[in-house]
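Structure record follows, encoded as C-alpha cells.
One-based numbering along the sequence shown.
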Amino acid sequence: MAEGTPNTSTSSDTTISGGHLVAKALKAEGVDVIYTLCGGHIIDIYDGCVDEGIDVIDVRHEQVAAHAADGYARITGKPGCAVVTAGPGTTDAVTGIANAYRAESPMLVIGGQGALSQHKMGSLQDLPHVDMINPISKFAATVPHTERVADLVSMAFRESLSGAPGPSFLEIPRDILDARVPLDKARIPAKGRYRASTRQLGDPADIERLADLIVRSERPSILLGNQVWTTRATDTSIELVRALNIPAYMNGAGRGTLPPGDPHHFQLSRRYAFTNSDLIIIVGTPFDFRMGYGKRLSPDATVVQIDLNYATVGKNRDIDLGLVGDADAILSAVLQATSGYGDTGAQARKPWLEELRTKEQEALDKRAHLLTSDATPIHPYRLVNEINQFLTEDSIYVGDGGDIVTFSGQVVQPKSPGHWMDPGPLGTLGVGIPFVMAAKQALPHKEVVALFGDGAFSLTGWDFETLVRFNLPFVGIVGNNSSMNQIRYGQIAKYGADRGEIGNTLGDVNYAEFAKMLGGYGEEVRDPADIAPALRRARESGKPSLINVWIDPEVYAPGTMNQTMYK
C-alpha cells in the first residue's frame, strides 16, 4: 500500500505530499536551483519546487545534472542538488557523484525508486541504488515513510557537510513521494537549527607549535589547496603569507587565492621549493598522485598538514605535525599566535623569496618562445597563453580535458579566488558544460570562460543546447587535435607508432558549426593571430559560444610526457 493518500492536488492546509516536503527541506538549506532530467518517479518534487520558488534546470543527461550540482557547490559554497529518476536515471548520475566524492564537493542527489508496495516485484527501473552509491558517497539511504522525507533530506545535508564535505544520496520510492500526510505529523527541521558549525579549530597546542615552526623557519613554503576555497580562507591565507613572508603555491580551487603578480604568488618553482624548503605547510590537499604521494617533498623538511579530514592527515607520507579542522579557523589562529613574537623572521626570508623568484623567471624564459609561437597548427602553449591574457578579474575559468588542460594548468592564472574549476582528482572528462551551467546560473554577473579538449567536449556537449535554452552565455574554446592526445602519447611511447593511435583518434569535427546549429556563436581558428579577435567576438556575441581552435596533435604537455598521472 502507498503511504498516506494519493496526491490529487498541489496544496492543502492540512496535508502535504512527499515531493513538497523535499522542496521545503531544500529551501531550508538555501538551495535555489535543482538540476534534473525528468522521469515519472520524481515529478512531484518539481511541483513542490514551483511552490517554493526553486528553479528547475532540466538537462539532456543525468551525468550533466550531477556535475552541475557539484559545480554549483564549488561556486556558491552551498550544497548543490540534482534530482534524477530511478534505474538508468540514477546510474547515469553515478559518475557525477563519484567525481564530487573525490573532489570533496557537498551535494545531494535525489533518485527515484519504484513504489515500496512493489518492492522486489520487478517494478519499472528498480535497482539497488543505495547499495551501488554507498561506497562513493558520505551518506546513502532510502526514505521509508512520507513523514520522514524532509527529515532524511536534512540528515543527508548534515552528513554531506560534516568534516571534509562530499555527496549524499537519497532514493525516494514513488508512493512515498506522491503520498500526502498530515502536515502536523511530518518532521520538518527548522532552517538553521539542524546543523552545528563546521569550523573546527584543531588542538590549541598544535596551533602554538605551528606558529613557532613558522617563526623559526628560514625557507618555508605553503601549498594552498581546495579546502582554502571550501572554507573561504582566502583573506586569512593572504594575510598570513604577507605578514610572515611565506611563498605560496596554489592548486585546484585554491588557485586565485593570490592574484597573479602578487609578490607571494608562485607557480613554476614548486618542485624547487619543495626540494629546498625547511618547512612545508600543506593546506587542504591530500598526498595523492598530484603530490607524488608525498615523495616530492624534501625528506629533510619539517612537513605540516592541515585538513578537514582526519583520515587524510599523514596518509602516504609521515608528517611532523597534523592539524584537523577548518583551514580558515586554523590559519587565523596561527597568525594570531605569531603576533606574540617580537621577530617573526619575515625580513630574514627575503633572500628565499628572491631565490624562488629567480627560478620562476628561469622557467618562464625557457618556454617564452612557445607562448608566442606563430606555428601552425597552433601550439597549445600559444592557445592557453591567449586565454590567460583574455581573462578578467570577473572571469571564471573552467578546464575540461586531458592534454590541453594540462597545458593550461601551467599558464592560466585566475585573477580572483574561486575562479578556477577543474574536475578534481578523479580526472573526469565531461565536467565542462555542466560546470559552465552551474557557474553562470549561480553568478550571472560573472563571465565564464571554458577550455575543452575535443574528446572531453564530446561527452556532454549536447547540453550546449541547455545553455542556449536558458540563456547562459559563456566563452568556450575547443582545443581540437582530433584525438585523445594524453592517452595517445602514452600509447605511442609504450607500443610504438604503428599501434599508437588505436582507440584514441577522433574525427576532424568543427565544433564551431555545432555551436551555430544549436543557436550559439561559433568560429573556427587556424591562425594563432586570430585567437584573440575570435575570443573578443565570442564575448561580444552575448551567446553561448565555441571557438574551434585547431592545435598541433604532435605537441604534448610536459605532464603528459612524464605520464605523471599514472605514477
Only residue of Asp326, Leu240, Val241 satisfying side-chain contact (heavy atoms from CB on, under 4.5 Å) with Leu331 is Leu240
Atom CG of Leu383 and atom CG of Asp552: how far apart are they, to the nearest 0.5 Å?
-> 12.0 Å
Step-by-step salt bridge (charged side-chain N to carboxylate O under 4.0 Å, His left out) determination, Glu386 to Arg382 = CA-CA 6 Å; Glu386 293 284 355; Arg382 173 67 185 268; 2.8 Å; yes
If you look at every heavy atom in His264 and Leu258, which pair is closest and at what distance?
-> O-CD1, 3.6 Å
State whether the number of non-hydrogen atoms from other residues, nucleotides or ligands found under 6.0 Å of Lys24 atom NZ is greater than 12.
-> no
Minimum side-chain heavy-atom gap Gln413-His265 below 4.5 Å = yes
Hey, does the side chain of Arg349 reach the backbone of Pro220 with a donor-acceptor pair shorter than 3.5 angstrom?
-> no
Sub-3.5 Å donor-acceptor pair from the side chain of Lys415 to the main-chain atoms of Gly256, do we have one?
-> no
Quick one: sort the Tyr397 and Trp420 rings into parallel, tilted or perpendicular, breaks at 30° and 60°.
-> tilted
Flag yes if more than 12 heavy atoms outside Lys27 fall under 6.0 Å of its NZ atom; otherwise flag no.
-> yes
For atom CD of Glu239, decide whether the heavy atoms of other residues, nucleotides or ligands shown that lie under 6.0 angstrom number more than 12.
-> no
Mark yes when over 12 heavy atoms from residues, nucleotides or ligands other than Tyr341 sit less than 6.0 Å from its OH; otherwise mark no.
-> yes
Taking Asp320 for the side chain and Val303 for the main chain, is one N or O donor matched with an acceptor at less than 3.5 Å?
-> yes
Any donor-acceptor N/O pair, Arg270 side chain to Gln267 backbone, under 3.5 Å = no
What one should report as the nearest heavy-atom pair of Gly96 and Ala66 is CA-CB, 3.7 Å
Ile281 vs Ile306, side-chain contact (heavy atoms from CB on, under 4.5 Å): CA-CA, chis, key distance, verdict = CA-CA 8 Å; Ile281 305 169; Ile306 301 170; 4.2 Å; yes
Donor-acceptor pair, Thr358 side chain versus Glu354 backbone, under 3.5 Å?
-> yes
For the side chain of Ser217 and the backbone of Leu213, is there at least one donor-acceptor N/O pair under 3.5 Å apart?
-> no
Stepwise salt bridge (charged side-chain N to carboxylate O under 4.0 Å, His left out) check, Asp422 with Arg255 = CA-CA 11 Å; Asp422 63 26; Arg255 291 172 180 257; 5.2 Å; no
For Asp318, does the CG atom sit with more than 12 other heavy atoms under 6.0 Å from it, leaving out its own atoms?
-> no
Take Ile433 and Phe474 through the side-chain contact (heavy atoms from CB on, under 4.5 Å) test and state the conclusion after the steps.
-> CA-CA 10 Å; Ile433 287 292; Phe474 79 107; 4.1 Å; yes
Run the salt-bridge test on Asp262 and Arg242 with the 4.0 Å N-O cut-off and return the result as yes or no.
-> yes
Taking the side chain as C-beta and beyond, is there a heavy-atom pair between Leu26 and Phe157 under 4.5 Å?
-> yes
Please round to the nearest 0.5 Å and tell me the distance separating atom CD of Glu104 and atom CD of Gln227.
-> 5.0 Å
Would you say Phe274 and Ile282 make side-chain contact, with heavy atoms under 4.5 Å?
-> yes
More than 12 heavy atoms from other groups under 6.0 Å of CZ on Arg216 = no
Should the pair Arg539 and Phe390 be classed as cation-pi, given the thresholds of under 6.0 Å to the six-membered ring centre and 45° from the axis?
-> yes
Any side-chain heavy atom of Ile207 within less than 4.5 Å of one from Ile330?
-> yes
Steps toward side-chain hydrogen bond (donor to acceptor under 3.5 Å, both in side chains) verdict (Tyr249, Ser269) = CA-CA 9 Å; Tyr249 298 85; Ser269 59; 2.7 Å; yes
Nearest 0.5 Å please: distance from the CG atom of Leu391 over to the CD1 atom of Ile387.
-> 7.5 Å
Are the side chains of Lys78 and Tyr72 in touch, meaning some heavy atoms are under 4.5 Å apart?
-> yes
Just wondering, do His445 and Leu443 contact through their side chains at under 4.5 Å, heavy atoms?
-> yes
Can you see which heavy atom on Pro425 is nearest to which on Phe289, and at what distance?
-> O-CE2, 3.4 Å
Is there a donor-acceptor pair under 3.5 Å between the side chain of Asn385 and the backbone N or O of Tyr381?
-> no
Any chance you could measure Phe139, atom CZ, to Leu161, atom CG, to the nearest 0.5 Å?
-> 13.0 Å
Hey, what do you get for CZ (Phe435) to CG (Asp70), rounding to the nearest 0.5 Å?
-> 4.5 Å
Of the non-hydrogen atoms in Ile404 and Pro380, which two are nearest, and what is the gap between them?
-> CD1-CB, 3.9 Å
Result of checking Thr236, Thr257, Ile222 against Val228 for side-chain contact (heavy atoms from CB on, under 4.5 Å) = Thr257
Do the side chains of His419 and Glu393 get nearer than 4.5 Å, heavy atoms only?
-> no
Regarding Arg357 and the six-membered ring of Phe266, is the cationic atom NZ or CZ under 6.0 Å from the ring centre and inside 45° of its axis?
-> yes
Thr392 vs Ser395, side-chain hydrogen bond (donor to acceptor under 3.5 Å, both in side chains): CA-CA, chis, key distance, verdict | CA-CA 5 Å; Thr392 71; Ser395 300; 3.1 Å; yes
If every non-hydrogen atom of Leu108 is compared with every non-hydrogen atom of Ala156, which pair is closest and at what distance?
-> CD1-CB, 3.8 Å
Taking the side chain as every heavy atom from C-beta outward, state whether Glu29 and Val153 have any atom pair closer than 4.5 Å.
-> no
Look at the side chain of Asp328 and the backbone N and O of Thr231, then say whether any donor-acceptor pair between them is shorter than 3.5 Å.
-> no
Using atom types as modelled and distance alone, determine if a side-chain donor or acceptor of Arg296 lies under 3.5 Å from a backbone N or O of Arg290.
-> yes
So how far is it from Ile531 CD1 to Ile378 CD1, rounded to the nearest 0.5 Å?
-> 4.0 Å
Mind running side-chain contact (heavy atoms from CB on, under 4.5 Å) on Gln410 and Arg367 for me, showing each step along the way?
-> CA-CA 11 Å; Gln410 295 185 310; Arg367 68 179 191 199; 3.4 Å; yes
Looking only at non-hydrogen atoms, find the nearest pair between Ser154 and Pro189 and report the distance.
-> OG-CG, 3.2 Å
Show your reasoning for whether side-chain contact (heavy atoms from CB on, under 4.5 Å) applies to Lys359 and Leu268.
-> CA-CA 8 Å; Lys359 294 297 179 182; Leu268 302 178; over 6 Å; no
Does Leu370 offer a backbone N or O that forms a donor-acceptor pair with the side chain of Ser373 under 3.5 Å?
-> no
